[in-house]
Amino acid sequence: MVVFIALLASALRLATPLIFSALGGVFTERSGITNIALEGMMIMGAFFAILVTEFTNMPWLGVLAAMVAGILTSMILAVLSIHLKGNQVVVGTAINLFATSITAFLLELVWKRSGQTDSVERALTTNPFHFLENIPLIGKLFSGMTPFVYLAFVAVAVSYYVLYKTPFGLRIRAVGEHPRAADTVGINVYKIRYICVGISGMMAGISGASMSLGTISLFREGMTSGKGFIALAAMIFGKWHPVGAMFASLFFGFCEALQIQASTLGFDFVPSEFLQMLPYVATIIVLSGFIGRAVAPKAVGTAYEKGHR
Amino acid sequence: GCASKPEPAAEPAPAAEPAAAEPAAEPAAEPAAEPAAEPKSELVMGMITDTGGLGDQSFNDSAWLGLEEAEKQFGIKRQVLESQSADDYSPNLVSFAEEKTDIIYGVGFLFVEAMKAAADQFPDQKFAIVDSSGLEKPNVAEIVFAENEGSFLVGVIAGLKTETNKIGFIGGMKFPLIEKFEYGFRAGVKAVNPDAEVIVNYADSFDDAAKGKEIALVQHQAGADIIFHAAGGVGAGLIEAAKEEKFWAIGVDQDQSHMAPENVLCSMIKRVDVGVLSVAKSVVDGNFQGGTLLFDSKNNGVGYSDKAGNLTDDLKAAADKYLEAIKAGTFVVPATEAEFNAFEAPSL
Amino acid sequence: MQNKKKNLLQVVMDNLKFPLLAILFSFIVGALFIVWTGHSPLVAYRELFSGSLGNFGRFGESLLKTTPLIFTGVAFAFAFRCGLFNIGIEGQYIMGAIFTVGAGWIFRDLPGGLLIILLLLSGILGGALWAFIPGILKAKRGVHEVIVAIMLNYTALYLSNYIVRTVLNPSVLLGTEKKASTVMLPEHGRLLHLSKIMPAFGYSSVNIGFLIAVITAIVIWFVLFKTTLGYEVRSVGHNPYASEYGGISIAKNITLAMVISGAIAGLAGAVTVAGLSYKVDQAAGMPGYGFSGIAVALVGQNHPIGILASALLFGVLANGERKMQMAGIPKEVVGIIQAIIILFIAAEQVAKYLPDIKKKFFKNKTQEVQK
Amino acid sequence: MAKVVEMKNITKIFPGVVANDNVNFELEKGEIHVLLGENGAGKTTLMNILYGLYEQTSGEIFVNGQLVNIKDPNIAIKLGIGMVHQHFMLVEPFTVTENIILGAETSKGPHNIQLDMETASKKVKEISELYGLAVDPNAKIENITVGMQQRVEILKTLYRGAEILILDEPTAVLTPQEIEELGMILKKLVGQGKSIILITHKLKEVMAMSDRVTVVRRGKVIETLKKENTNIDELAELMVGRKVNLKVDKADHKAGKTVLEVHGIEAMNNRGSKALKEISFGVKSGEIFAIAGVDGNGQTELVEVLTGLRKSVKGTFSINGKELQKVSSKKIIDSGMAHIPEDRHKRGLVLEHSLAENGCLGNHKDKPFSKNGILNYDYIHEYSQNLIEEYDVRTPSENVAAKSLSGGNQQKFIVARELNRHPELIIAAQPTRGVDVGAIEFIHKKLVEQRDMGRAVLLVSLELDEVLALADRIGVIYDGQIVGIVDGATANEKELGIMMAGGKVNK
Ligand SMILES: Nc1ncnc2c1ncn2[C@@H]1O[C@H](COP(=O)(O)OP(=O)(O)OP(=O)(O)O)[C@@H](O)[C@H]1O
Ligand SMILES: Nc1ncnc2c1ncn2[C@@H]1O[C@H](COP(=O)(O)OP(=O)(O)OP(=O)(O)O)[C@@H](O)[C@H]1O
Ligand SMILES: [Mg+2]
Ligand SMILES: [Mg+2]
């Protein structure tokens, strides 16, 4: 039981950045844009969260900065792929490279060394609801739970509400399925897409902040270690649905937690490399339709040209 | 520990003593013997990192620190190349060699094959490699450390200090160098507290600090109250976790207590900087020689440190007791799984 | 005939105009970053170019850097011509490399020439197998190749690490101590250094792998534009429905294009192992060739011959970057330059928009619709 | 009568095409005004301008007497203009209600942020009852019929309070009954004071539904007439620009042996429901066999099955006795089949390839186009040059990309390529869709020529006139079944119309 709770707690924490980014992915892809740049936006978020916290000593301002950094980065994707109709995957690839380079560059400039920043004095690594840890049995679940963990689930709920319960969400989904239909009823396809890409930037920014400010209270080069791509997979795994994306993220988190706990759970006879492969192989199997086919929004990946048929 | 003259360690005994001697404990604090008297040398020393790059919180940083010290002491010029991938090792070596750099350091045992080839190709070029031995080239100085010995000492401390009888170890990647830390550490624990359990995890990364933290939290939840790491940047996560959950972390390579003075119990010390500096000195002095330079407890190349003062005198005394025994050769600290399994704790 | 030649020149110019602009622009932006670090861009760029082109040896090293980029660029372009985005070159490269080492061990007793051929074929096989998975899944089940390939990249990395640690470890095969890398390729299975033929290359370890890369690019050019296979691949890439109508199997060509793309990526791994590293290390992260390959292919307009040129550009940048680093300029600057080149190329439409914007400006008339 | 819409001197220039040339158009309150013209005449373009999807190059628009600048559909909607597009603009996974309210959502809750689906559903129901447009508000678009979808489109405009309705070729996808129902709906709408613009190129519909007609030809308005003052022949002449002879000259046919034999074919459509049910017929050499029917009754699927592009689930078919239902399309081509596809952009051409490369599509693996997998470009170029010459394809050379040709010339090139295979069987699906009259006559002539040379021709067409003009025998397809086969010479439109609607003809 204790082990199980620990496993669950671990999975929750590991899933948190994935949930944010995957939600961001849901918004962009629902509006018809492929977002391979989540990783880059996360890196930007992670870095600027620490940068601003370092200088202001106000971690929540850091989170805000992460959001802004994420949004600004996402605007590169927006402008290039929505207006200039660049290949969305290529733009995403470039953004990832750019984010990696620019953060490393600024890190050296600001901290006069490479690799890793100092720890910020005040971060957001502690549980804001300490009393929860006193609940018998499951209290342990809440220890080490950062504000971001709670926030992630709030974000899932809000995303679900926005996408499925508001006029705006209806429009997003229409734009992703059939942009021309949306256009003919007076919906501004470009505007919706800009907003959605912006939302994804914001989400990925928070995701990055949850890793830097929320986990290790510093920024390290390479700290996102491909989580943006995993988030992308989680989004597809979750069938482009916020709740599905959440469960997929939890699954990935769970796989990683399982790998970490392998020795405590007594199945460390499985080479750790194979445990590491598990989520990736699982995703491929799921995508192959052995468990149920996922259908992407129809217009995803294609630029919309006004007045074109 | 106090500075004692290091013994020339390796088989093909280098004529030059490792110059590490004096500043073994705090090289930065003690000014070099006669910095002003030394004429500004024109020497250029190049260092190539492994893929971890600068900022790895581990041997790359430490080696760079050694060259910084050389710059201060001997007025040499230092240059660095960071390798993006394993395929860069050889071209990076060649690049420096082509510039007629006075000595080229390859930091990390992964350089070994590239270094071997480069040493043959440029027989007049001086090279040094960190963490690897056995090349036996006249123009390659091989700087190696007895990580198992240093790890053993902090293992002793952890074994005595633990209240839960559970201790954690986090490795970067599961390869022999890191296993040397692991088995040395476990042997130390076993020597003083055979009942204590050591929970071992590998992060499969030297960067993913978040994973480091998660592993630490898991180990802590499983009962570990002291966790040692040999995982470079991943360790930042461990120390963060220790800070939050108020348990003890043990640092590695350098004294890491500054990251969390109240939660870093002590650090296992591996003086890559000293190794690098001593080879630099031999170049400056003109008595560079190839062959293995072993930095172990005898010459204070490895050890433990406690700048934050978290160790009680009892603990220090116990650790020092084992340190002396290792120095005296009373027993040999295991470095591999097989040696560990065969290891009988000495009764001191 | 006269006419045709002029056309060719025009085509070349049209295709070059844009990448050149992109490169120029990104160097200017790069310069701003260099100034920001307090260095002189002139010094930096001088270091960059002298470091990569300064003498024959350095040039050789640039060619060495260029070699895998040619392979991965061509690999990417081949799939792209079939409408596929092979982001999995990374993983296919890893598999190619590990297969090569494996074959090097198994066939270690074969004579040199034969062994080398087997090594290259093994690399090809490794990459092709790994690319077959996203290919067949795309062809038969319509699964997006990008996601599958990303997943397979990580899988390849961990699988390779496992193999390095166990199956191909010297401790297992030779009974010596455990190492973080595989056994070494036997001496007679290594690619000849060009300096052996052309001593001018001196110390440079550029090897016949470079020639293999160039030949591969030319062969792929021939396949793409002169054979029925290439015709079918390009047709499927442009219009799968029309291809199907013309009796071309979409599924077969998608799978095949992916497999060939992976085979080239695997060959890149083989050539790197046989020509440079002679082993594979346990690695914490991707080697990064896949992403560079995308950039190289895009700048080269997905044309094998263009890719030769752009790979050389990226090779020169990567090699020259060393000298910039030695001069104390952060290596990230080169990363930024590369990112901007790609961004610029990705937004190719900017150029197409310019005349439109002009038109709008002057005539203030209707919005133009592009076909 | 009050003029609700006045379009004055509208010109719209696309790169290389003058789609509308100084067009004047008026719509009066309470009328049904037909915009009549051939494919590509510029009807849709004109209406897209009125609806704000395109911006005119020059000219002015007045709505209810006010000069307006309709920059985007929002403004059009505010002005009370609604448009039902030629290709429906419906989001398939959405429900009827969701589609109707999209862009004009009702909301509730604090700050009105929440969608109010109940109110919306209620309103949709009210409107649909008011105008007699029965739909299920909760059904998903992908699960309802095309006729239903059209009602949803009309409801969409009414929901937004449209007073002026534009319907772009609304009858193309409807059965005769549905067309009749539509006519009644339109009458009802007009009765409630709405004004309607109806685009079509079907003359009979004009006479049945309109109050006035404006004829457009090649982007220019030719004339505006009152229905009472005109007749079908006059309209046809105005539309095409000369006396039209819908009869194609052809000799009596001498049918030979059966080339294509279709027996009990069944197949699914893309949605997984049965599109073809027990289809059986044969096409003999030296005859044109036409499949007539309303769009969406299985024609596309039938052609795809016969050309190897879709797998049948049951039944067999053969060319000259060779069974082909399980083989690849390449094998079918090799068995002597040529195929003029219904969608030239989707199937017929690789638009980015040069004409030369398109000219060998389907033959590229055969000698002398290629040998041992290597293409013989010299021959490929020569071959395409011949095609271009022989079929009078207007193009600078065979080196240009196929996309740079006009639709008619693209179609001619496809016909050239297919007929030049010297096939035994020609499957021509909508061979004249969207091409100008000249090209139509040319293509018709070629098809008859092939018949006279003793080849079997399977013509699939939505245009009854084309079927009647060309066919020796006619099979009528309805709901995936061949409901009857009649003789081309004696068939009449009325009889076919009843069969196309699924009715029985007693002889
Ligand atoms: N978006 C566009 N870009 C360029 N040219 C266009 C565009 N839309 C239409 N055209 C051209 O404008 C002309 C008029 O086309 P339009 O679609 O208005 O014809 P139409 O009368 O509606 O024909 P149909 O009966 O086929 O619907 C055609 O020649 C067409 O090629
Ligand atoms: N963007 C465009 N640029 C140039 N010509 C176009 C464009 N879009 C359509 N056309 C041409 O305009 C004409 C009418 O176009 P439309 O989209 O109505 O297709 P169509 O072939 O008439 O099909 P349908 O029978 O369904 O109306 C066609 O000849 C087509 O080739
Ligand atoms: Mg049309
Ligand atoms: Mg039209």
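Lettering follows sequence order; numbering is per chain, from 1. All figures in this text were calculated on a predicted structure; none of them were measured in a lab.
- To the nearest 0.5 Å, atoms OG1 (C:Thr228) and NZ (D:Lys371) are separated by 14.0 Å.
- Applying a 4.5 Å heavy-atom cutoff, none of the residues of residues 73-84 of chain C approach chain D.
- Minimum heavy-atom separation, D:Leu375 to C:Thr227: CD1-O, 3.4 Å.
- The environment of D:Lys311 atom NZ is dense: over 12 non-hydrogen atoms of other residues, nucleotides or ligands sit within 6.0 angstrom.
- Residue-level contacts of residues 215-224 of chain C with chain D, in order of numbering, are C:Phe222; threshold 4.5 Å between heavy atoms.
- Expressed to the nearest 0.5 Å, how far OG of D:Ser370 lies from NZ of C:Lys226 amounts to 13.5 Å.
- Note: C:Glu244 CD to D:Lys330 NZ = 15.0 Å, rounded to the nearest 0.5 Å.
- In this structure, D:Tyr377 and C:Phe225 approach most closely via the heavy-atom pair CE1-O, 3.1 Å.
- Here the closest non-hydrogen pair linking C:Gly247 and D:Ser329 is CA-OG, 3.5 Å.
- Using a 4.0 Å cut-off between a side-chain N of Lys or Arg and a carboxylate O of Asp or Glu, C:Arg234 and D:Glu352 do not qualify as a salt bridge.
- Inter-residue side-chain proximity for D:Cys360 and C:Tyr231 is flagged as met; some heavy-atom pair is nearer than 4.5 Å.
- The CG atom of C:Leu229 lies 8.5 Å from the NZ atom of D:Lys365; values are rounded to the nearest 0.5 Å.
- Here the OG atom belonging to C:Ser243 is positioned 8.5 Å from the NE2 atom belonging to D:His364, to the nearest 0.5 angstrom.
- No donor-acceptor pair closer than 3.5 Å links the side chain of C:Asn239 to the backbone N or O of D:Arg347.
- Interface remark: D:Ile49 contributes no atoms to any contact with chain C (heavy atom separation under 4.5 Å).
- Here the side chain of C:Tyr245 pairs no donor or acceptor atom with the backbone of D:Leu349 at under 3.5 angstrom.
- Among the candidates C:Ala242, C:Pro240, C:Gly230, C:Ser249, the residue making the largest number of heavy-atom pairs closer than 4.5 Å to chain D is C:Ala242.
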